[in-house]
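Note that these values count all heavy atoms, side chains included, but never hydrogens, waters or copies made by symmetry. Every chain is numbered from 1 and lettered A, B, ... according to where its sequence line falls, protein lines coming before strand lines.
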Amino acid sequence: MPFIPHTEKETRQMLEAIGVRQIDELFDEIPDELINEKLNHVPSAMGEAAIRQLSKKRAEIDNAYVNFIGAGAYEHHIPAAVWQLATRGEFYSAYTPYQAEASQGTLQLLYEYQTMMASLTAMDVSNASLYEGASALAEAVLMAVRTRCKKRRVLMPETVHPRYRETAQTIVKNQGIILSSVAYSAEIGCIDLNRLKDELSEDVAAIVIPQPNYFGILEDVDGLVDLAHDNACLVIAVVNPLSLAVLKAPGDWGETGADIVVGEGQPLGIPLSSGGPYFGFMCSSQKLVRQMPGRLVGRTVDVDGKQGFTLTLQAREQHIRRSKATSNICTNQGLMVTAATLYMSLMGPAGMEQAAQASHTNTRKLIEKLTSIDGVEAEFNSTVFHECVLRIDAPMDDLLRAMTAQGIIAGKALAADFNNLQNCLLVCATELRTEEEMDEYALHLERIVSKRRLDPPCARKM
Amino acid sequence: MPFIPHTEKETRQMLEAIGVRQIDELFDEIPDELINEKLNHVPSAMGEAAIRQLSKKRAEIDNAYVNFIGAGAYEHHIPAAVWQLATRGEFYSAYTPYQAEASQGTLQLLYEYQTMMASLTAMDVSNASLYEGASALAEAVLMAVRTRCKKRRVLMPETVHPRYRETAQTIVKNQGIILSSVAYSAEIGCIDLNRLKDELSEDVAAIVIPQPNYFGILEDVDGLVDLAHDNACLVIAVVNPLSLAVLKAPGDWGETGADIVVGEGQPLGIPLSSGGPYFGFMCSSQKLVRQMPGRLVGRTVDVDGKQGFTLTLQAREQHIRRSKATSNICTNQGLMVTAATLYMSLMGPAGMEQAAQASHTNTRKLIEKLTSIDGVEAEFNSTVFHECVLRIDAPMDDLLRAMTAQGIIAGKALAADFNNLQNCLLVCATELRTEEEMDEYALHLERIVSKRRLDPPCARKM
Amino acid sequence: MTKLIFEQSTAGRTNNSQFLSTTSPIDDIPDGLRRKKRPALPEVSEMQVVRHYTRLSQLNFSIDTQFYPLGSCTMKHNPRICNEVAQYEGFSGRHPSAPDSTGQGILSCLFDLQEILKDISGMSEISLAPMAGAQGEFTGIAMIRAYHDARNDGRREEILVPDAAHGTNPASAVMCGYRVREIPTQGNGDVDIKALRATLGPQTAGLMLTNPSTLGVFERQIKEIAALVHEAGGLLYYDGANMNAILGKVKPGEMGFDVIHLNLHKTFSTPHGGGGPGAGPVGVNERLIPFLPVPKIVESSGEYRLLNKNDCPQSIGRLSCFMGNTGILLRAWVYARLLGREGMKRVADYATLNANYMKTKLERAGFEMAYPTRRATHEFVLTLKKNKADTGVTAMDFAKRLLDKGYHAPTTYFPLLVPECFLIEPTESESLEELDGFIRAMIEIGEETVEQVETVKTAPHTLPVRRLDEVRAARQLDIVWQGENGV
Amino acid sequence: MTKLIFEQSTAGRTNNSQFLSTTSPIDDIPDGLRRKKRPALPEVSEMQVVRHYTRLSQLNFSIDTQFYPLGSCTMKHNPRICNEVAQYEGFSGRHPSAPDSTGQGILSCLFDLQEILKDISGMSEISLAPMAGAQGEFTGIAMIRAYHDARNDGRREEILVPDAAHGTNPASAVMCGYRVREIPTQGNGDVDIKALRATLGPQTAGLMLTNPSTLGVFERQIKEIAALVHEAGGLLYYDGANMNAILGKVKPGEMGFDVIHLNLHKTFSTPHGGGGPGAGPVGVNERLIPFLPVPKIVESSGEYRLLNKNDCPQSIGRLSCFMGNTGILLRAWVYARLLGREGMKRVADYATLNANYMKTKLERAGFEMAYPTRRATHEFVLTLKKNKADTGVTAMDFAKRLLDKGYHAPTTYFPLLVPECFLIEPTESESLEELDGFIRAMIEIGEETVEQVETVKTAPHTLPVRRLDEVRAARQLDIVWQGENGV
Ligand SMILES: Cc1ncc(COP(=O)(O)O)c(C=O)c1O
Ligand SMILES: Cc1ncc(COP(=O)(O)O)c(C=O)c1O
């Protein structure tokens with residue numbers, strides 16, 4: 001039987017030992033009327049050869065596109081060693097390291113991961129992962145509110161990824177926490193400082209600062225942090241970890257640095273995979289560590305004084321503290337963190353810097369190529385990291401469909417999330433996009449946009 | 001530097017320790033005029049991301065065909081676990097297990113492999129691999145001649161794979177060994193017994209018996225073995241290991257069984273890979289073990305009496321016996337044998353039987369579909385395992401080209417190797433070929449053959 | 001002791017094959033926004049990385065190397081084909097925000113999975129969005145809240161959980177703004193119905209229940225419990241962590257549950273990865289459908305689409321930036337197709353057979369069961385309180401000694417209401433030999449507590465480290481390496 | 001002790017996910033040709049297989065886990081991307097007999113590799129057909145024979161090899177029907193030219209030489225040797241196993257060699273796989289081109305083709321059924337492209353730096369070098385004959401003790417002419433720390449031979465087994481398991 005080693009003889013032998021005649025008897029405590037073995041919508045079993053064939057076919061049809069979307073998930077080079085090592089059975093098939101002595105591999109790796117993330121963000125401590133970026137932001141909001149008990153409002157600028165804002169809202173709203181939106185400046189695509197100041201009041205526990213922001217633009221993080229701290233608000237930074245190879249680390253923002261740093265770990269060696277599994281990271285200052293959600297691994301010694309690693313500060317967690325835990329999180333994203341640790345080790349500070357630089361350079365190249373087309377221009381006049389908002393003089397849906405037909409996923413349309421960005425597209429070219437791919441993009445875009453300009457919209461047919 | 005960990009500082013430190021100023025000085029014993037660092041035809045270094053991109057492109061263009069060739073290499077299902085385990089670093093990156101105590105993993109695996117192969121062939125012993133099937137046959141010929149010292153002729157039927165015959169010829173000819181061809185019966189596609197008898201004489205050391213033979217047909221192995229042994233000849237069996245899940249094992253052929261069994265191990269979990277790496281296997285009766293080429297692993301005990309494994313009978317090998325060794329083989333095909341051991345364990349006797357049965361059934365189905373086309377018929381009227389020779393009323397080169405254009409690799413043309421099989425094609429459908437793929441084959445073949453019949457050949461244009 | 005990767009680092013060492021042929025420094029980002037000092041990531045060669053992490057991995061116990069009977073965690077075989085499929089480029093390379101039309105392959109797999117989960121759970125609709133069991137719980141309770149709110153039934157401020165419940169249950173309820181009340185368990189392992197009755201009221205938003213419970217028994221009064229909760233106006237939440245025990249046998253929807261989650265990393269055998277990722281899809285009956293989280297995967301005339309907030313105005317919203325742990329869902333789909341209809345029931349059959357066999361054998365060997373009169377489900381609880389009283393050997397000592405014998409320890413000290421307990425779950429994929437080996441090891445340790453008690457109390461002895469000082473770990477917190485000359 | 005997979009087998013256990021949905025029994029094969037009794041292959045579950053072989057793997061030392069300074073074997077880092085590329089479906093799935101037009105991807109890679117090997121070796125043409133170094137030797141010598149034969153120079157019956165040569169050299173010559181004569185080595189490690197001169201004659205077919213030699217020194221008289229052999233009418237064969245030492249520095253073709261082989265599993269870092277597969281391409285100068293084995297890969301106007309016997313009438317023929325170890329050649333191509341022009345010379349530079357560093361340090365620590373006056377190449381030989389005389393500790397004891405300290409032993413007792421020797425090859429991919437660690441271990445063992453000699457003589461102590469009885473292994477031959485009740 002698939003994945004069941006029992007032979008008939010063994011089954012009989014075991015039933016005998018138990019003292020029943022057939023397996024069904026083992027279910028005799030279940031009320032008869034509840035037994036229902038009908039599964040009309042589960043297909044019959046398939047062998048491995050057949051499922052492989054079917055899966056390959058399905059994967060094939062999704063595999064025909066060149067991608068220019070970033071918007072929270074980025075297509076970076078992943079060294080071959082990352083997943084060849086991460087999928088070693090001893091990492092891949094172990095549970096959460098509850099028995100420390102039998103899990104030193106995973107535990108030491110997590111300790112190393114925590115150290116890497118702390119160093120990358122220039123913060124004191126890091127946890128061992130949360131689900132992904134957006135829910136990590138929600139956890140940061142809860143954490144901030146916990147430490148500023150009386151205050152239940154958090155400022156959430158519109159330059160934070162719209163899906164992050166939605167997710168945070170879903171998760172924190174039930175606890176009566178209010179996320180107050182702060183509009184962005186239409187000119188520079190950054191948090192509008194004046195509006196932020198307007199929102200600042202006694203009941204604000206924290207301000208969320210994205211860097212780079214959703215539009216790819218760099219916020220004035222120093223100024224924002226100082227403003228927050230001057231107003232007794234915590235700072236929650238939301239950052240792209242790869243960008244930190246070249247951008248100022250949140251721990252160094254302003255006079256005293258951010259208090260909590262979260263973000264999406266995906267750029268660190270995790271494949272796009274239609275959205276997951278990724279991992280959320282969270283770092284903070286030392287003084288907030290007891291408010292952290294999630295696992296923490298500590299270094300200690302064994303009875304012989306030998307170095308070893310173990311889960312620690314478990315009194316924060318649900319399995320010890322139950323309803324008083326800092327979060328309900330239990331299973332987190334261990335394997336992804338394993339991959340990220342391998343990624344950071346293989347790339348090193350120099351390799352990550354290169355990847356970040358090259359993504360920046362490529363995006364600039366792309367912008368240049370595209371904005372040289374009539375009818376295409378950059379929406380904001382600001383410095384970007386590796387994404388940019390373009391305004392294009394063409395109906396966006398048709399344009400995207402036409403580009404897709406050419407095998408190009410042209411970018412993320414912003415209209416649905418931003419009323420005044422109706423004709424805008426968020427584009428990204430990581431280090432993996434080649435010159436030819438970018439030229440191809442420009443070529444097709446030009447053709448489509450110019451055609452559009454020649455044919456009046458009513459005559460269009462694509 | 002790629003794969004070199006030295007920093008400049010370390011390099012200087014090491015040079016200092018040695019007492020030279022620069023690395024070049026370390027080459028001071030090489031005559032100056034020999035130093036030549038020009039490499040005009042080696043391209044510049046490429047990063048991993050770039051080589052991946054390039055390789056993917058090249059792999060892509062080879063990946064568009066459905067394959068109906070067997071002819072010595074077969075496209076079988078390979079369980080996912082096989083290569084995920086075989087490429088674990090500890091197997092993948094270890095050397096030949098010279099230090100037994102530090103190589104118990106590989107050694108035990110090889111012992112298990114030897115046991116599996118001996119059982120599959122019903123022979124007493126197995127070595128730990130040779131390069132591949134054809135050169136394994138050459139080694140078997142040398143081994144047979146060694147044990148029958150005075151006799152230097154070996155009968156090599158034409159039903160043995162033509163490339164095996166060529167390879168054996170290349171390898172044994174320098175030692176004055178004669179491989180005498182034996183024609184096949186044009187009717188049944190098997191060794192012609194009368195011609196074989198004609199060739200039998202005092203100086204014949206061994207007879208090679210293929211099962212199934214190159215045409216996919218089953219030879220009368222019992223009769224052949226008895227004939228050979230009656231004439232004091234050794235029997236060298238050349239078999240497809242997967243077929244042994246359903247066919248009589250060489251150790252059981254005739255009264256006393258084959259003496260040496262060789263073959264291509266590829267069907268046991270090794271990907272086609274344009275021809276390699278595969279592995280050759282060799283089994284024999286106990287009394288010939290000291291004449292075997294290649295590694296052998298034995299079970300023994302350590303000083304505490306605990307079971308352990310080690311290379312054994314090394315006195316046969318080149319690193320001990322040098323010019324008197326049984327073969328020059330040193331590096332063999334360890335990793336492939338690792339995969340094959342995993343394959344046989346995962347499939348078990350029942351799984352291998354199924355794969356063999358299904359390949360047989362599929363090939364029969366294919367033959368039925370194809371021979372129902374006007375102008376296509378089976379060349380021989382004999383029982384086959386999973387390959388069959390078809391005679392097709394159409395110019396073969398054009399036909400193959402036309403099929404390839406449809407994404408179908410239709411079979412192996414036999415004209416180049418067999419004068420009287422000018423319009424013949426050797427086809428194979430393993431368990432992986434689907435009903436639809438076979439129908440597609442039939443459809444296109446019918447179209448091509450019938451078109452050919454309508455258009456006179458001079459008018460053809462495809 | 002394995003050196004930290006940082007201790008193997010040398011300033012200036014690079015791994016150039018990961019470099020790009022041409023990169024130019026950034027010149028357009030203001031200095032004030034740039035990083036000045038490189039992060040202290042390791043500077044090591046590829047070979048050092050491979051060697052270090054290969055060695056580290058070998059220090060782990062894992063299902064691929066050891067029997068791992070961790071109760072409630074369902075450590076069963078992770079078929080390797082599932083991993084292969086998830087790595088196909090078409091799946092692994094697709095951007096989550098690409099148009100649905102470019103993801104019909106993955107969406108069709110996810111949709112199929114939804115259909116399968118619907119059937120096995122007996123629920124009306126499934127959402128694949130939650131990324132683990134705990135997030136499934138949050139989602140379910142948030143939907144319960146949304147349901148009451150939509151009916152303007154705002155007084156309901158309490159979620160009930162049995163005292164045997166997993167810690168995530170109360171924690172999730174609190175995250176949804178609820179007060180939690182515990183319901184006691186009777187001596188036979190079933191919920192104390194009298195106490196439940198006394199606790200139910202207009203303030204009750206719902207009850208969370210695991211069935212089979214974490215005590216390794218099937219809650220026999222489930223129909224009655226469901227009726228009581230529903231009568232009181234509350235909803236019933238099913239924690240599906242133990243679904244492995246009843247797969248293809250009993251459907252939670254038919255037990256009366258309104259909303260459930262499933263742990264695909266348990267019942268559907270996706271890898272645990274040393275602590276995740278998992279996947280915790282939720283299922284609901286008709287009345288909760290409007291509240292399901294987004295994105296939702298729907299199909300019409302063979303085309304698959306994602307629905308978002310705009311399409312589902314009553315949805316509780318979104319739980320992550322994209323659509324959950326897709327790659328894990330994909331693995332679960334492969335596993336479900338491999339098992340097929342026939343295989344589902346077999347999982348429950350053999351998981352239960354294995355557990356009952358072990359229970360019987362251990363009981364006969366003198367170990368005390370927490371619920372001796374009950375049938376084991378796919379797991380069972382034994383208590384070592386007598387051993388502790390007699391010899392001072394705790395469940396923890398026993399657990400550590402098991403490691404020495406090559407077995408991962410069962411879940412210890414959970415559920416909290418059984419003293420010195422082991423929660424043992426062998427799963428269906430373990431062979432009789434393996435079970436017998438574990439039973440023998442338990443008996444041996446039992447004997448050791450008589451003959452050489454110190455060996456047990458100071459275990460483990462054969463692992464990379466001996467028993468670790470956890471108190472020191474918490475008191476002298478060292479969770480980030482401070483450098484060679486660090487603190 | 002790990003049980004054999006057979007000892008974990010149970011009759012009737014099956015692993016059905018590897019089964020096919022529908023198979024029908026064979027009904028058209030005569031009974032007399034059918035198998036009656038199933039082979040005694042293990043009947044185990046996928047999980048048992050995964051667990052067994054994962055555990056077995058952990059018993060190995062490997063380059064991914066340990067420093068492995070096996071002289072002459074070049075155990076350097078195997079980049080993981082090489083493995084990835086070889087597994088791309090377009091490469092791994094292609095049938096070898098498919099038309100050339102359907103293999104332009106793989107053929108272009110192989111052709112590129114030929115061009116690279118031509119350049120680094122300084123030869124006129126390359127054949128990728130040989131599957132290992134030894135088969136390369138066979139091929140080369142067979143070509144030498146074919147050359148003499150083609151010139152009707154049939155008296156040449158002798159191949160000369162230095163006494164330091166690898167065992168495959170004489171064995172390969174014999175396989176080509178030659179008599180072998182050994183040439184002695186001088187005290188300084190160079191070939192004894194006088195002896196060579198005395199041995200050369202009209203019976204000389206050729207000389208096989210490794211340079212740098214297996215003594216870890218560069219043969220300085222190579223030009224003179226080449227002249228002498230050529231004068232005598234013989235040809236020069238280059239055993240390229242040590243090419244790592246001179247990659248991008250010296251070209252064998254320019255040293256005067258007529259035919260060479262390269263071990264791609266050494267110099268080009270393809271994995272050793274616990275004993276292969278390797279690849280041993282041969283290179284020839286103009287006069288041997290006609291004799292190269294088939295198939296040959298050629299290119300014209302951007303199209304790649306295989307040439308066969310008919311195209312190359314003088315070819316020595318074919319060495320395997322298809323075209324050699326393609327997947328290994330592909331890995332070597334990836335490696336070569338990663339190194340690039342710049343990287344080739346660096347390999348030789350740093351391999352040599354590492355070896356000379358170790359030699360210097362060990363010498364200073366009191367170890368005796370076999371060739372103290374010579375520069376080390378990428379490897380060097382030390383002799384423990386004094387240790388043996390003084391303490392009875394042999395090179396083998398030393399080697400086993402190194403295993404205890406986490407280092408694989410160097411090559412021992414080879415070359416045969418140096419007593420109690422270690423042939424140490426660190427390779428360029430090892431870091432200074434690793435070298436220093438090994439040096440420290442050597443020094444420690446040296447000290448142990450004074451203070452606790454038994455520890456060394458009975459090593460290893462920390463491995464899965466202690467020292468194995470090799471005599472028993474050969475005398476009571478047990479190479480096939482005979483079943484539980486077997487012999
Ligand atoms: C009974 C029970 N409920 C809930 C959970 C939480 O699931 P997860 O770890 O996936 O968040 C677990 C798993 O640990 C469990 O055992
Ligand atoms: C010097 C030398 N020559 C020849 C060989 C034989 O090469 P292979 O093992 O690839 O057959 C080796 C490798 O073991 C070697 O070290």
Side-chain angles (χ1 to χ4, degrees), chain B residues 5 10 14 23 26 39 41-42 44-46 55 58-59 61-63 67 88-90 93-96 101-102 104-106 115 118-120 131 134 163 166 170 174 271 273-277 298-300 302 308 312 318-319 322-323 325 328 330-335 345 349 351 357-358 409, chain D residues 18 23 38-41 49 56-57 59-64 85 88 90 92 94-96 98 105 119 131-132 134 167 170-172 176-177 180 250 271-278 317-318 321-323 325-327 337 340-341 349 352 357 375 431-432 463-466 468 473 478 480-481:
Chain B
E10 288 168 334
M14 292 170 76
I23 292 181
L26 299 175
L39 291 174
H41 297 96
V42 180
S44 252
M46 237 173 165
S55 306
R58 292 192 177 180
I61 61 173
D62 292 358
N63 195 21
N67 167 51
R88 283 176 58 83
E90 301 94 319
S93 78
Y95 204 78
T96 301
E101 297 85 356
Q104 288 295 299
T106 288
T115 302
S119 165
L120 199 58
Y131 299 128
R163 299 290 96 70
E166 284 179 34
T170 305
N174 295 317
S273 287
S274 281
R299 184 161 65 156
T300 183
D302 73 2
T312 194
Q318 46 73 29
H319 63 287
R322 301 175 72 82
S323 64
N328 68 339
C330 175
T331 293
N332 48 51
Q333 307 286 114
L335 190 64
S345 302
Q357 279 174 355
I409 295 178
Chain D
Q18 301 308 339
T23 48
R38 277 187 171 170
L41 298 175
V49 175
L56 278 194
S57 78
L59 304 181
N60 275 356
F61 275 34
S62 67
I63 194 71
D64 276 10
V85 169
Y88 291 159
S92 72
R94 181 173 177 270
H95 195 285
D119 199 3
M131 289 169 292
S172 298
C176 288
V180 173
V250 181
H272 280 98
R318 143 184 306 280
C321 186
F322 301 108
M323 58 168 170
N325 283 340
T326 316
R337 297 299 310 264
R341 188 185 305 137
D349 278 346
T352 304
Y357 175 79
R375 200 60 97 186
S431 66
L432 179 54
L463 277 94
V465 289
R466 292 184 58 205
L468 290 165
D478 171 5
V480 165
W481 190 66

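Looking at D/Ser431, its side chain never comes within 3.5 Å of a backbone N or O of B/Pro5 through a donor-acceptor pair. Although no hydrogens or angles enter the test, the distance criterion places no donor-acceptor pair under 3.5 Å between the side chain of B/Asn332 and the main chain of D/Gly276. No side-chain donor-acceptor contact under 3.5 Å links D/Asp64 to the backbone of B/Ser93. A donor-acceptor contact shorter than 3.5 Å links the side chain of B/Thr115 to the backbone of D/Trp481. Side chain of D/Thr326 to main chain of B/Ser274: a donor-acceptor pair is present (N/O by atom type, distance under 3.5 Å, no hydrogens or angles). In this structure, the side chain of B/Asp302 does not engage the main chain of D/Val465 through any donor-acceptor pair within 3.5 Å.
Highest contact tally toward chain D, considering only B/Pro277, B/Cys330, B/Pro271, is held by B/Pro277 [criterion: heavy-atom pairs under 4.5 Å]. Counting heavy-atom pairs under 4.5 Å between each of D/Thr352, D/Leu59, D/Ile63, D/Asn325 and chain B puts D/Asn325 at the top. Of the residues considered (B/Asp62, B/Thr331, B/Asn67, B/Ile61), B/Asp62 shows the highest number of contacts with chain D, using heavy-atom pairs under 4.5 Å. Ranked by heavy-atom pairs shorter than 4.5 Å toward chain B, the options D/Ala132, D/Gly327, D/Ala473, D/Gly177 are led by D/Ala473. Ranked by heavy-atom pairs under 4.5 Å with chain D, the first of B/Arg163, B/Met46, B/Glu101 is B/Glu101. Per-residue counts of heavy-atom pairs under 4.5 Å with chain B were compared for D/Arg94, D/Arg318, D/Met323, D/Arg38; the largest is that of D/Arg318. Your options are D/Cys176, D/Ala98, D/Gly278, and the one with the most heavy-atom pairs under 4.5 Å with chain B is D/Cys176. Put simply, of B/Ala118, B/Gly298, B/Gly351, B/Ser345, the one with the most heavy-atom pairs under 4.5 Å next to chain D is B/Ser345. Ranked by non-hydrogen atom pairs under 4.5 Å with chain D, the options B/Val42, B/Ile23, B/Leu335 are led by B/Val42. Ranked by non-hydrogen atom pairs under 4.5 Å with chain D, the options B/Ala325, B/Gly308, B/Gly89 are led by B/Gly89. Per-residue counts of heavy-atom pairs under 4.5 Å with chain B were compared for D/Pro271, D/Ala40, D/Gly317; the largest is that of D/Pro271.
Rounded to the nearest 0.5 Å, atoms CG (D/Leu468) and CD (B/Gln104) are 5.5 Å apart.
Using a 4.5 Å cut-off between heavy atoms, D/Val85 touches chain B through its side chain atoms alone. Contact annotation for D/Arg466: both backbone and side-chain heavy atoms come within less than 4.5 Å of a heavy atom of chain B. For B/Ser323, the parts lying under 4.5 angstrom from a heavy atom of chain D are both the backbone and the side chain. With a threshold of 4.5 angstrom between heavy atoms, B/Leu120 approaches chain D through its backbone and through its side chain. Both the backbone and the side chain of D/Val250 come within contact range of chain B, each with at least one heavy atom under 4.5 Å from a heavy atom of that chain.
Below 30°, between 30° and 60°, or above 60°: for B/Tyr95 and D/His272 the angle between ring planes is between 30° and 60°, a tilted geometry.
Between D/Tyr357 and D/Leu432 the shortest side-chain heavy-atom distance falls below 4.5 Å.
Listed here is the closest heavy atom pair of D/Leu463 and B/Ala102: CD2-CA, 3.6 Å.
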